Each structure stands twice: as C-alpha cells, then as structure tokens.
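Residue numbers start from 1 in every chain, and the chains themselves are labelled A, B, ... in the order their sequence lines are given, proteins ahead of strands. Here the structure is a predicted model, which means the values were calculated and not measured.
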Amino acid sequence: MTEAQEAPGLPRAYDPAVVENGIYERWLAADVFAPDGAGNRARPGAEPFVIIQPPPNVTGALHVGHAFTADMEDVMVRHARMNGRPTLWLPGLDHASIAAQVVLDRILDGEGESRASLGRERYLERMWAFVNTTRETIIRQSRRFGSSLDWDRLRFTMDETSSKAVRTAFARLYTDGLAYRTEALANWCAGCQTTVSDLEVVPTPETGTLWTIRYHVVESDGTVRPDRWIEIATTRPETLLGDVAVAVHPNDPRYRDLLGVNVLIPFVERVVPVINDPVVRLDFGTGAVKITPAHDPEDYATGRRHDLPMINVFDDAGRINENGNGYAGLGLAEARRRILAELEVRGDLVGAVPHEMLIGRCQRSNDVIEPRLKTQWFIRTKPLAERALEATRSGRTMILPEHFEKVWEHWLTEIRDWNVSRQLWWGHRIPAWYCPDGHITVTADPAGPSACETCQRPVATLRQDDDIFDTWFSSGLWPFSTLGWPDDTDDLRRYYPNSVLETGYDIIFFWVARMMMLGIHFTGQAPFHTVYLHGMVRDAIGKKMSKTTGNVVDPLEAIDEIGADALRFALVNGTSAGNDQKLAAERLESARNFGNKLWNAARFVLGARPATIARDGARVAPDPDELGPAERWIRSRTAATTAAVNRAIADYAFGEATRILYDAVWSELCDWGLELAKVRLTDTSLSSAAREATWWTLVEALDTNLRLLHPFMPFLTEAIWTATPHGLDDPELLIVADWPGPDVATRRDEAAETEVGVVIDLVRGIRNARSEAHVEPSTWLPVDLVGDPAAAGAAEALRPALERLARIRPLTIHSTRAAFLAATGGAGLSVIGSGWEAVVGRVSAEAADADLIALDRQRLERELQTTRGLLAAARARLANEAFVGKAPAPVVEGARVRTAELADQVARLEERLKP
RNA sequence: GGGCGGUUAGCUCAGUUGGUCAGAGCGCCUCGUUUACACCGAGGAAGUCACUGGUUCGAGUCCAGUACCGCCCACCA
C-alpha cells in the first residue's frame, strides 16, 4: 500500500516526485505490461496490438528525442491496453556498431588507448563492459518516462537470437542470389577505418578550388610535345595519380583534333587516351575532365563504359599508396600541395579559382569520405524494393503522414545496392568463408562450414571474412527476429505482422525501408500495417539539439523539475505527425500547470463528498431522477469530450487529443462544471439525494477524464484514480481500467447544453458589464431579466447558480417585456443576448450612477456597432440569390436564424440607447 | 538540379471532409485574499490567416504561380 492509497484524499500540493513515487513499481508488481500478464485484462480473442519502437543505441543516455518516441508509443500502447487488446511493446537496444565504436574510441582516446593498442579481443571485452552499463542507464530512464514496456522480453541486437537471425537471413539472401561479393566503388571513412553506405555520407558544402592543369600530348612514337596539351579542370589534383583517361564531350569543337590522341599523366608517367563521353559538360571548367575510376563515382561509371583500367592510389589510412610513385606514403593533403607545387614549376598549373562544392563527410566521425575500390558484400535491393513499394501502393502498409509516401516512392524506385560489409569489430561477423581458390561458402550454422561448398577443401584451409555487417542489417530484421524468427514460434504466429511502427522520419530509409524489404522477403508479409513517423524535437528557436551546441534538453532533468507527466504532455500537446516541434520552456510550464490544475480539481471533487456518502463505498452512477441541468450538462460535455478524443486517436492525431482534453478539463469541467456543482453541493435546502447525485456526477466526470488522460499522463492520473471511488467492475489500477465505452455517448443531452449555455452567456454578459463599469467584484447587484420561454426557463431552473456565479441578488425574472421595462425604467447596466435581455441595477451605492451609466452607454454603443456590422453582412448573404439557391438548406436556415437573432439584438440595443 | 514541409494575434502553435474557424497557451492591460488551484480566478486589447491570380453562392481551408524559411534526395569534374 502506498501513501496515496491510505490517504483519505490527495496531498495538498501537487508534487510530481511524490506522485510518481512507487507507481511504476505497482504496475510492475501487477504484471500488466506483458500481453498475457496476470494483471492484464485483455479481452479474450481481442486482436493483439503490437508496436515497434526503434531500439535506442547503446551508446549512452537517452535524450529528449528518445523520450518523445517512447511517449508516442506508450500513448498508443496504453490506449490499446485500456481497450482490452493484448499489447506487445518490446524493449530493445541496438548495438549500433559504428556509432558505438566512435563513442568507445573517443573514451579510449582519453585514456591514452586505442583500438589498435587493445587489439580485437580486448577491444570487444571493453565494448561489452561499456554497453552493460549504458544498458542499465537506458532501462532506468525508460522507467522514469513511464514506458509500459514488456521488460521480460528485453532484446539486444547482439544477443544470440539476433545473431541467428542475421546468419540465417544472410545465408538465405545469398542462396536467393540477393547477396553478392564484388569489387566496387565504396565510401571509405579513414577515421572509422571502414566503408559506409551511401546513406551515411553527408554532403557538406565547402569552398574548394578548381584548378586547371595541362596534360601534354604524346605522339605515336612516344615523344612528349611540350607545345601541345589539353587543359583539364579538377578540384582534386592529387587523384591525377590514378588517372586513366581524359574525357571531352563528343560535340565539343574545341577538342575535335585531340580525340583519339594520347596524353601523359605526370609523375606516374602514364600515357592515357583522350576519349569522348556525353557525361562531360561543355560549359564547366575547360570542357575536359580527367578520369579517375577508382576514386570518383562518376569516373567509375565512365571507366566501366569505356572499359578503362581502375587504379587505386589511396590506402586505408588515407595516404597515397605504392601506385603513387614518389608520393607514396604522403597524406592526401600533403600530396596535393606537393603535386600542385611541382606542376607550377613545370608550368602546367595554369589556373586556380575558388569553387563552391559538396564534400562527402562521414555521418559519424565527420571525416572526409573517399570513394575507393573495395571488395565488399552487397545486397541486391531492386527486387526487394519492388515488393516494399507494392505493399505501400496497395495500401497494405500505410505511411503517416501521407506525404512521406512520395519520399518513400522516390528512394525505393531509385534505390542502389546496399553495401553491408563493414571493416569494424563490434557487430555480427559475416558468415562467409573463402577457400584458397576463391570459392565462397556461406552458412547460417554457428559452427561454420565443414568444407568448401564448391571444391570440398577441408575447413582448415578456409578463411572467414573479417568484416561485420552494417548495424542496420540486424535492425532490419528486428520486427521478426525479436519474435523468434527464423524458428516458427508461437510469438511469431501471434504477433507478426506487427500493428504499428512508430519512429522518427529521419530513419525512414536507414530502418523503415530495410525492415519492409527484409520483412517481406523473409516472411512474405509486410512487417506492419501502419508506419507512423514523428518529427524531430528541436530547441526553443528551432535548432537541432546537439551536445556540442549545448542546447539539449535532458529528459531526466526535466522530469526532476516538472515531472514525467508534464514532460510527456508537453511533447505531445500541439504536435502532429511528421512535423518538427520546438521545445520551449513555456510549453513545459503550460503542461506542468495543467497537471496542477487537474490535481486540484481532483482534490476539490474528492473533498466535496457529502457526509451522507460513505468514504470507502464503491462508485455508483448518479441517480437520474436527481440530476439538474448542470449535472446533465457535465455528463453531456464529458460524453462530447470522449467522442472527440476517440476521433482524434483514431486519426493518430494525438496532439489534437491532448488539446481537447486540456480544454475539457480546464475550461469546461473546472471553470463551469465545478463552479456550477458547488452551488448545489453547498445548498442545504436541497435533499441529500440531490447533493449526492451532484457529487457522483463530478466523480463520474473526473473518472472519465482520468481514463482519457491516462495514456498521456500516466503517473498523475493513476495517483488520482487510486484516491477516487471505483466502480464494482473496476480493477485496482487505472492502467488496466476500461477505456470509456459507448455508454458514455448516451449521456449527450442537447437540452441541458442549451439551458446551461444560456446561463453561461448570462453570467459572462453580466460579469463583462460589471467589469467595464468598474463595479466592485464583491458587490451584490439586483438584476431584472426578461427573455423567451427557453431563456427564462433556463434562468429559473438554474437561478441559484446564476445568482452565485454572476454575484447578483435578487434576480427578478419578468414574464413580459412591459413588466420588465416598467421595473427597470431604463436605469442600470444593460446586457443583451440572443433571446434575452437583462438590466443590472443599483450599480453603486455611493458613486454617481450617472457616471457609470455613461460608461455603460459607451459599451453598448460599441456593441451596437459591431452587431450592426454582423447583421449587415448576414443580410447581404441572404440577399444573394445564388447563396439561397445553391447552398445546402441547413446552411441557409442557419443563416436565417442567425440574421433574426442579430436583428433582435440590434433592436434591443437601439432601444436601450434611445435618449 | 529534383522533391517535400512551413509561412495564422508580440511569442509558440491548433484549425478534421470549403459554410459561427478567425482559435488556444504564454506574454500584455484592468480587477480579485468568493472555503480545489496565484502553477489561480474574472474581464479586456490584439491578426487584410506570406503574396498574386483562379475555381465557387461562399476559401487559412481547393487549384496555379511568386517570395522567403527549413528539410530530404541527387554521379556535376
């Protein structure tokens, strides 16, 4: 038992730390997170709800983006759980091979160690120790967020089940002809000492130089012509060591006479042809391009077209290799300087102009990415992509927000093969073995092959590939590897395909596309029916959060300050799918204030229990015979809120749902519902049955709002709910209580909404008049009222509330306008609404009434002016034959009613203003 | 070079299928010790919904174009 359970009500002050304390443990103890947990009240036969979350990298603590991700997912999961569906939300961690190595290398660097100094084995030991601590940090954080994850299923992309899936998947791709090994141009990061995929290369603007260099013509007898040359333009002079041709455009008249001749590449003294190829642009540089197939994607393509040799001139460390003759061993920058200097001396460097260009940099280390020829494993993506596209085109998988489908289409249509080899240590080793003859053997067997598949050489002569897989290869298997695939498990049958994938749009290609492609290939089914993409959390001025900029919001700090509920509410409220959000302090504050408001409203409700109701009794529905208009109004509005929230959630419009709830709790329940209820609760002239009905109405409204808010503010709502009377069918914990059902809808009551609507208008009008006339708020004023039967009836039915909320007494309701006019004699403050008219009299005992009346006249003049304007517009609309003829009948009718109301108000105002 | 998103009150943003949709919060101004809440209550001021055309009886809401801002994709030396 917690304090909250024992306390008769709630502590006076809302303290998030106290509220959150112990609740997560209660959920855990009740075993409600697992789809088949003992405390989970899933309906038998209900369709499971399975959500996929991006497993966070084990590289460190979670940031506010993770908190937002977890929040969105928890909202969906809690909503589904309360709707009686078995929910599976599986916690996981990603080994993030390259990201993890970058982080660990940085730590090692601080200790004077390095990857090289430790060696593979000790390095990996060190990595395991590192991830074992970050894993604990991440789990602790997730719990503080309130994430209702099924912790018994915690998975890691480096655990054995994942390894098995990776080996099996790769072996099958190989068998299916979708994995192949070849030498091709790859993106080499010298800092990370590995290749990376195209997605990991970030084009970065840089001001470089475009140099013009002369290559001299070589005669057929081998003599070099000092007076005849071709001028090429390049931004990378050091790559000339690998040049194998010069290309010009076929239609370029400037170089007709040079076509087919040979030129000399200096320093390496290589004689290469001048070729033509339409890839060359006539209007750029000199119109002649050096071709370096081993170090430039476009040149590589050109080289393939012309069957040119490919000469690699860089080594792994980013230095010139032995093919660079005298430059071998030099760093690329140094080589460039020396080459330029020597060209200058020879008189062959003839131009240098600044040039804006894009340099590819490593997403992880920011090093310059060098395209190089490498022998790598690739996944043939075209056939996989086609099936992924088919899934979204057919609607079997839906992407939200929809406009991401275009991005999706484009990328998958233009997809290139995926280099999955990485020359890293931390990850899944590629299960491929090579025999001395170069035969390849791939197997999913953890023990490896027994012999070469092709030539049957014994295993002892085989060598396993040293490389590991791109980390996204194992993440791409996540939706089914976590359920036991490749084995045909109960979990797989029950929970695959998953329901919703929830993640940020920034990894749509890295992760979403790969899961779709691999999922469909291996299971025959798209892994989820809905892909919900959320936006990025940015700082207060819209900048990307980053540790180096120092503008990050630490979720734990925010939770310490304002509580997990407020942080969660702030992250969801006012946001929509796919759109970035700015996390400003005021949004956090607003959410915290809302939590405080709810807390205090609950305190009031619980504290207002009539003495005739037993403290520990079960919650009962209010007695229908004892309900007044205010009670029926509260029930009706709560029903409307429920419907609106349901609609919003069905549309995945969670930011809309919180907005509705914020408004419902603050503006409706608190500002009017509770204030109206106070009138009856404190009215000792009423029967106790009437007062009990009022109280049960409030409890019911509070209860419904708590249920609706629970997915968004789980701790706070659970804490309040614990202190709230429960129905006999209710469980002990709100987390597994039923979502407000269809019976709530039957509480809509148009008549009550109209009645209370009149009273609200009256109270507002009178308060407004009082305020404008600077009447002391504490002064009670007499009011005369006349109105149509509906308005008069409403005022009569809610007379005590009207009196109290507008602070008026006595209230005289006249049955005829003549009587009303006779009684008021034109004195006092006028308040005019639709269907009624009131005069607030005896404004002040001391001050000169004349002044106040003059002030009031000014207010009425302004009101008359605006009302006349509205009336004129409304009349003009009705005078338009096209409108009356073409607009739908209800719209026209509405305009007529509106016009009549306005005319009525104008008439009354004019009358009041008659001298 | 292609594509996408944004541009609504001083600030941060909502506005579902075109018809009380011109809104909310914060900020600002005036009041307020009414027994849930000053992390509050009551009232108020404030926007030609980026611009230009078009469709329509009617357009922040649909279409076309323009201007800024942001993002994504792309082999231009």
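- Across all strands, E414(A) comes closer than 4.0 Å to no nucleic acid atom at all (heavy-atom distances).
- Base contact: R592(A) has a heavy atom under 4.0 Å from a base atom.
- Classification of R896(A) and E901(A) as a salt-bridged pair fails, no side-chain N sitting under 4.0 Å from a carboxylate O.
- For C39(B) and U52(B), the C1' atoms lie 47 Å apart once the distance is rounded to whole Å.
- R603(A) comes within 4.0 angstrom of the backbone, heavy atoms only, and of no base.
- The side chain of N768(A) places an N or O atom within less than 4.0 Å of a non-bridging phosphate oxygen (OP1 or OP2) of G44(B).
- Residue R764(A) is classed as a sugar-phosphate contact, given heavy-atom separations below 4.0 Å to backbone atoms only.
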Query raised in the report: Which parts of nucleotides 63-77 of chain B does protein reach within less than 4.0 Å, heavy atoms only, written one letter per nucleotide 5' to 3' as B for base, S for sugar-phosphate only and - for none?
Result: ---------SSBBBB

Produce the list of close N/O pairs, under 3.5 Å, pairing protein atoms with atoms of nucleotides 21-29 of chain B; give distances to one decimal.
unit_1, atom_1, unit_2, atom_2, d
G25(B), N2, E586(A), OE2, 3.4

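- Taking the six-membered ring for Trp, F404(A) and W408(A) have ring centres at least 6.0 Å apart.
- With ring centers used as reference points, F569(A) lies 6.0 Å or more from F712(A).
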Report task. Would you write the dot-bracket representation of RNA chain B, where each base gets (, ), [, ], | or . depending on whether it forms a Watson-Crick or G-U pair under 3.5 Å and with which partner? Result -> (((((((..((((.....[...)))).(((((.......))))).....(((((..]....))))))))))))....

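- In this structure, K678(A) satisfies the cation-pi test against F604(A), with its NZ or CZ atom closer than 6.0 Å to the six-membered ring centre and inside 45 degrees of the ring normal.
- Here the two rings, on H534(A) and F68(A), have centers that are under 6.0 Å apart.
- Among the protein residues, K886(A) comes within range of the nucleic acid bases, having at least one heavy atom under 4.0 Å from a base atom.
- K406(A) comes within 4.0 angstrom of the backbone, heavy atoms only, and of no base.
- Across all strands, A584(A) comes closer than 4.0 Å to no nucleic acid atom at all (heavy-atom distances).
- Counting distance only, with no hydrogens placed and no angle test, the side-chain atoms of E675(A) and the base atoms of A36(B) include a donor-acceptor pair under 3.5 Å.
- Nucleic acid contact for G574(A): sugar-phosphate only, since backbone atoms but no base atoms lie under 4.0 Å from a heavy atom of the residue.
- Contacts of I291(A) with the nucleic acid, taken as non-hydrogen atoms under 4.0 Å apart, are absent.
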